[in-house]
Amino acid sequence: MNTRLKILCVLLGIAYLYIIGEGIVKSMIPTFTSSIREEIADKKKDNEHRIFPNSYFFYVKPVKGYYTYPDTVLNLKNGKWMRSEVPLFSIRTVNSTKLPFWLLTGKIILVVVSFLLLFLMIYIPIQVYKVIRSVIKNDIFDITNIKRIRRIGYAILAVFACVLYTAFIFTAEAKELFQLENYKIVFSISEDYYFLLIGLVTLLFAEIMKISHTMKEEQDLTI
Amino acid sequence: MSIIVNLDVMMARRKISLNELSEKVEITPANLSILKTGKAKAIRFSTLETLCKELNCQPGDILEYEGQKELRIEN
């Protein structure tokens with residue numbers, strides 16, 4: 001067995017687990033715990049005066065274009081105010097505006113999309129683990145392996161589609177509800193474009209593996 | 001594939017078993033079986049040469065092009 005290949009597989013596994021783990025530790029757990037904390041704090045209030053705030057996330061662009069720095073922040077180290085601009089807003093507010101029907105339908109579909117995303121986040125690491133395990137067992141050019149890699153590619157592209165849809169709905173909802181003073185709300189998926197890139201590279205890799213499999217089969221059946 | 005391997009026919013003619021032939025041509029019985037059953041994708045000239053030598057035949061006795069049969073019938 002090629003030691004270099006083995007080491008690369010183990011490193012890939014560690015990198016993948018780190019990316020997923022970082023996402024869970026930095027984003028999912030704090031959001032989950034803070035929302036539970038807020039819920040507990042709300043329950044202590046009088047039931048009649050309880051409010052149900054929603055969270056909104058959206059990307060913004062200064063009305064006058066990029067690098068116009070419409071805001072200011074205080075630098076506590078020297079007490080000076082500095083000009084700044086914010087690319088992403090996370091807002092938590094109570095909203096009573098009625099959303100249009102298409103947006104409500106979109107939000108219902110978003111629940112399904114969220115479950116699909118959750119499924120994919122579990123499905124992809126399992127498939128990656130299976131591929132790594134079969135590579136370690138020396139079944140690199142196995143046809144099942146190639147199918148698995150192809151499925152991973154499609155799953156990553158599906159993740160990209162889900163992210164795209166989520167960003168679209170969030171932006172549309174924000175545009176419907178808010179109009180900001182110095183900023184305009186824009187559609188952006190920021191660094192999530194890498195899902196598209198990784199998905200396509202994975203599919204390309206699967207096709208290369210398929211050609212390699214055919215060549216290996218021919219080599220094996222040459223007497 | 002339109003190439004037919006007639007190794008089994010030649011082996012029967014020479015009254016030689018698969019294991020015996022595999023020992024003589026120094027090919028594993030498994031590989032020789034692949035060749036005999038027509039599952040092989042390609043054959044090396046060196047393998048063909050040793051087979052012809054041991055079976056005392058020509059390459060055309062081992063390999064046959066399927067289209068030729070139809071051609072003969074037409075003629």
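Protein chains get the first letters and strands the later ones, always in sequence-line order, with residue 1 at the start of each.
- In this structure, CD1 on A/Ile223 lies 7.5 Å from CD1 on B/Ile27, to the nearest 0.5 angstrom.
- Applying the 6.0 Å contact sphere to CZ of B/Arg13 captures no more than 12 heavy atoms from other residues, nucleotides or ligands.
- Chain B is approached within less than 4.5 Å, heavy atom to heavy atom, by no residue from residues 108-128 of chain A.
- Scanning residues 198-217 of chain A against chain B with a 4.5 Å non-hydrogen threshold yields A/Glu217, sorted by number.
- Proximity to chain A at a heavy-atom threshold of 4.5 Å picks out B/Ile43, B/Arg44, B/Thr47 from residues 43-57 of chain B, in numerical order.
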Would you give me the side-chain donor-acceptor pairs under 3.5 Å for residues 153-178 of chain A, sequence neighbours excluded?
from: A/Tyr165; atom 1: OH; to: A/Gly106; atom 2: O; distance (Å): 2.9
from: A/Thr166; atom 1: OG1; to: A/Cys162; atom 2: O; distance (Å): 2.7
from: A/Thr171; atom 1: OG1; to: A/Ala167; atom 2: O; distance (Å): 2.6
from: A/Glu173; atom 1: OE2; to: A/Lys107; atom 2: NZ; distance (Å): 2.6

